[in-house]
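Structure record follows, encoded as structure tokens.
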Amino acid sequence: MISLRVKKGSEFVADYSFTKSEVTVGRVADSDMVLDLPTISRKHATITLDRNGYGILDQSAFGTLVNKRSIQSSRLKTGDVVSIFPFTITVSRIVYDSTVASIADDYVRRGEDPLDPGMSYDEVESILGFAPFAAMDPKNFPDKLPLRAVIEHDTAIRNYSSGDLIIRRGDYGNTAFYIVSGRVQVDYGKLPSSLLGHRQRKRKSWPRAVAQMWENPGLPEVRSMDSYKTDARLGYRQSDDSKTRIFLQDISSIVDITELVTLESGEFFGEISALGRTPRSATIIADGEVSVLEIRWKALRNLRRYDEAIREHIDEIYRKRSLDSHLLSTPIFRHVSNEIRGEIKKETTFETYGNFDWNTSYNQYAKRGSDYSISSEPIIAQEGDYPNGLILIRSGFARVSRKVASGHHTVTYLGRGDVFGFQELLEGWRKETTAVLRCTLRAIGYVDILLIPTRLIEKYLLPSIPHADVESIVSRIDQNVLPEKAGVSAHQINQETLESLVENRFINGTATMMIDLDRCTRCDDCVRACGAAHDNNPRFIRHGKVIGKHMVANACMHCTDPVCMIGCPTGAIHRSEAGGEILINDITCIGCGTCANSCPYDNIRMVEINDDNGDMILDKVTHDPVKKATKCDLCVDQLGGPACERACPHDALGRIDMRDLESLGSWLNR
Amino acid sequence: MIRFRKRRAVNIGILAALSVAAYLCYYLNTLTLSNGNFGSGWILLGVMIFLAAYNGRKKFPFLPLGRSSVWLQFHAYGGLLSIFLFLCHIQFRIPNGCLEIVLATLFVIVAGSGVVGLLISRSFARRLSAQGEEVIYERIPLFRRNISKAAEGLILQSVSEMQSTVLASFYREYLHLFFSRPRYFWHHIFGSREPLRILTRRIKANNRYLDESEREIMKNITELVKVKYDLDCHYALQSALKGWLFVHIPLTFALLLVAGLHVLLIYLFRGGI
């Protein structure tokens with residue numbers, strides 16, 4: 001709350017107290033503080049509350065003083081005197097109570113830095129003047145989350161020079177971009193992956209595999225400097241914020257420019273990838289000097305939530321690009337004709353729950369245990385409620401739980417391609433009644449869902465599925481969500497194990513290293529095999545969280561949601577196009593540690609590299625040791641697959657795809 | 001995914017069938033009054049070479065030579081079969097020549113260590129996981145040193161703060177050795193917790209001489225004793241799990257060498273048989 005005392009000369013005019021986050025001062029009658037004199041502009045100034053507290057922005061033709069100094073913008077504190085001739089406004093009191101300070105608190109609580117910590121008032125003003133934001137009505141945004149705060153905290157202006165790679169195909173990112181000025185070129189796959197920082201790794205031939213016997217160096221982390229020759233077509237430079245940027249030296253000599261698509265100022269790119277946590281589908285290259293507004297996913301989500309134009313824009317793109325393939329890949333929609341699918345697509349809505357940056361709070365959740373994490377997970381659909389549609393999981397993970405006494409019992413977890421609520425909708429349709437949901441669906445970390453209204457399901461989907469298929473679908477879904485007996489899931493996964501796997505988000509792994517401690521003799525054959533397959537450098541630690549009699553070892557899990565891939569400046573960490581493994585290209589890794597810091601499971605290690613003589617390789621400029629990020633690569637270039645798994649004599653170690661609950665259950669109960 | 005129990009049943013069935021077949025061959029051979037030892041000897045040597053090849057497989061983890069666990073199944077059941085083949089080969093009698101005695105002794109030790117290794121691999125792994133916290137073998141000395149330092153720190157604290165030497169004397173007499181190195185190896189191997197009970201009893205008995213503050217320190221030391229005892233258990237079990245291979249593998253190569261010499265001598269002195 002801000003309390004203001006207005007005087008005209010020495011004459012008292014009025015006292016004001018505001019709890020809202022934006023207070024307008026001006027001559028017009030709809031101003032919050034009306035100062036009706038010709039020397040006052042119609043919209044003279046705005047007092048705003050943001051994450052740093054209260055501030056004032058001058059918007060007048062005549063000027064505003066704070067403590068006798070002319071300002072464009074200024075922070076306000078108790079005792080400050082704002083002069084708007086002939087009025088003086090004294091800040092008599094500022095209280096950041098729990099309601100008013102919610103914006104600042106919210107950002108502090110999230111522990112997040114603004115995308116651009118140095119963003120000024122003027123820059124926010126200028127961003128608000130860009131076409132999509134100027135057209136937005138700030139009144140549609142709640143007081144706790146004004147448009148200005150969204151822009152100030154979650155956007156940043158970035159300037160790129162010709163040839164700069166703004167985003168790369170295959171990368172994951174949590175930001176979208178709006179072109180402020182200039183233009184960019186879009187490449188949908190013509191650029192070779194080597195220019196994107198990636199490296200295609202082929203399986204070794206038999207002679208090369210055998211040669212590892214004598215070619216493996218005896219010293220740790222040895223690298224040949226010959227391998228670090230930079231591709232002449234690429235260049236490195238520093239951005240304004242001292243980050244490394246990669247640029248193409250001469251784009252026209254690399255790719256036929258006519259095969260690229262041009263985006264001009266005023267257009268968005270990267271929004272679907274940022275909102276859906278899907279790989280970027282194209283590479284964007286700056287064509288000349290370009291200024292773009294980078295928008296964090298949170299801002300994008302809020303803009304989409306509170307502004308209809310943005311919502312329609314994003315939904316339209318998603319409908320056009322991804323919805324059809326998602327519906328086709330969901331088994332229950334396979335029988336639906338194109339026309340009906342078209343009808344369904346029109347009314348399908350998209351929702352996002354939870355937090356894309358779940359990795360930043362991962363340890364907090366994992367440490368506090370199940371009660372804390374389950375209560376902090378946003379509820380998507382509640383047990384006992386009537387289903388308002390069929391929920392399809394688009395990306396992320398969701399927990400299916402059931403209330404037991406005063407707590408909740410995890411029944412299973414769902415991932416991309418799974419559905420929720422089908423059984424109840426079917427039951428209601430068959431009995432011509434409305435069945436209530438038997439379980440609660442919650443977002444673990446984040447989850448993107450598609451909601452197809454009940455009316456459409458009943459009208460189009462249910463009648464179109466052959467009877468025999470309905471039974472098989474129901475029994476499969478039943479297997480997923482209906483435990484046969486308390487304490488054990490349908491897949492025979494022990495309740496404690498299931499809860500721990502969900503709590504610790506190990507369900508994210510597609511090749512999670514699990515060790516059965518009842519069978520593991522601690523012989524370390526797995527570690528030795530890993531070392532032998534990686535130049536004598538083991539890429540995992542036989543240590544980790546123990547769940548019952550199983551250990552989840554510190555080895556890269558090759559996650560479904562690879563948060564480590566967000567923010568790599570050179571694209572060195574990437575998903576293999578062949579098998580989907582997450583790999584690090586040692587040649588283009590600059591050792592910045594972004595991936596290692598992002599990995600919530602501590603499965604990426606930064607190592608200092610040595611030459612053939614065992615001498616540490618130093619950076620030519622800084623003379624600091626050169627570091628590289630290392631982790632399990634699932635032995636993609638070895639014959640026969642992961643050496644660790646093949647080397648275990650006692651069948652104790654497995655690389656488990658956590659999406660496949662049936663295999664997980666079988667493995668745990670061998 | 002095949003269940004271990006089912007796999008074990010199938011493998012035992014195959015082993016039993018092969019053993020019966022081997023015995024029948026041996027029995028039929030004795031009925032014909034011919035010397036079947038050449039045949040059984042070559043089969044036994046072949047099986048032994050195959051068993052030893054498993055060690056070779058372990059040296060090339062990067063080559064697609066099949067999963068180590070499959071090899072181990074063949075190795076374990078092949079090893080059990082080789083015991084039966086060995087008994088057939090020596091005609092269920094104790095050998096009497098010098099070389100034969102050496103050879104048989106080596107075989108018995110290698111086979112015996114293999115059986116022991118198999119048994120402890122199954123049982124000790126379970127006991128280790130039942131211990132709770134996982135400890136990496138190479139880090140045990142570090143943990144031991146830290147525990148020892150903590151215990152000594154508490155004793156020094158008691159001497160300096162309480163001006164009493166009761167705790168220090170007790171530590172020197174009963175605990176110093178315990179904290180300074182791994183103890184009770186065989187007790188841990190056989191799963192006995194008797195030494196811990198004795199130590200705890202002594203600590204309790206000593207408590208009557210301590211005041212309130214010293215008892216508090218002793219309580220902390222008792223906790224450290226338990227932690228150290230569990231650490232020693234890890235050390236003993238993991239040492240055994242690693243150590244039996246130091247008997248099994250070198251003697252396997254010695255066995256193969258002596259077996260080769262045995263074959264050579266047999267053919268040199270077969271006397272036209």
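Just so we're on the same page: letters track the sequence lines, and every chain starts at 1. Here the structure is a predicted model, which means the values were calculated and not measured.
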Among [options], residue most engaged with chain A (heavy-atom pairs, under 4.5 Å):
| options | value |
| --- | --- |
| B:S123, B:S68, B:S121, B:A130 | B:S68 |
| B:I136, B:L128, B:V70 | B:L128 |
| B:R57, B:E133, B:K242, B:E134 | B:E134 |
| B:Q73, B:K6, B:K58 | B:K58 |

Going through the distances and angles, do A:V210 and B:F60 end up as a side chain to side chain contact (heavy atoms under 4.5 Å, CB included)? CA-CA 8 Å; A:V210 174; B:F60 307 108; over 6 Å; no

Might you confirm whether atom [atom1] of [X] has over 12 heavy atoms from other residues, nucleotides or ligands at distances under 6.0 Å?
| X | atom1 | result |
| --- | --- | --- |
| B:H176 | NE2 | no |
| A:W206 | CH2 | yes |
| A:R208 | CZ | no |
| B:Y77 | OH | yes |

Rounded to the nearest 0.5 Å, what separates atom [atom1] in [X] from atom [atom2] in [Y]?
| X | Y | atom1 | atom2 | answer |
| --- | --- | --- | --- | --- |
| B:L118 | A:T521 | CG | OG1 | 11.0 Å |
| A:R646 | B:L65 | CZ | CG | 8.0 Å |
| B:F4 | A:D651 | CZ | CG | 4.5 Å |
| B:Q238 | A:C523 | CD | SG | 10.5 Å |
| B:S69 | A:E645 | OG | CD | 9.0 Å |
| B:R67 | A:C648 | CZ | SG | 8.5 Å |

Which is it for A:M213 and B:F62 under the side chain to side chain contact (heavy atoms under 4.5 Å, CB included) test, yes or no, and what are the steps along the way? CA-CA 9 Å; A:M213 279 171 63; B:F62 37 75; 3.6 Å; yes

For B:L72 against A:P649, the heavy-atom pair lying closest together: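 Looking at all heavy atoms of both residues, the closest pair is CD2-O, 3.0 Å.
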
For the interface with chain B, which of [options] has the highest count of heavy-atom pairs at distances below 4.5 Å?
| options | answer |
| --- | --- |
| A:A209, A:G640, A:A643 | A:A209 |
| A:A647, A:A533, A:A652 | A:A647 |
| A:D518, A:D525, A:D516 | A:D518 |

B:R127 portion near chain A, given a 4.5 angstrom heavy-atom threshold: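 Contact with chain A is absent: no heavy atom of B:R127 under 4.5 Å.
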
Contact part of B:E138 toward chain A, heavy-atom cut-off under 4.5 Å: side chain, backbone, both or neither?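 Looking at B:E138, just its side chain touches chain A.
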
A:R519 side chain vs B:A125 backbone, donor-acceptor pair below 3.5 Å: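 Not a single qualifying donor-acceptor pair exists.
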
Keeping B:R3 on the side-chain end and A:N669 on the backbone end, is there a donor-acceptor pair under 3.5 Å?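 Yes, B:R3 side chain to A:N669 backbone: donor-acceptor pair under 3.5 Å.
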
Tell me, do A:H650 and B:R122 make a side-chain contact under 4.5 Å, heavy atoms counted?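 Counting from C-beta outward, A:H650 and B:R122 do come under 4.5 Å.
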
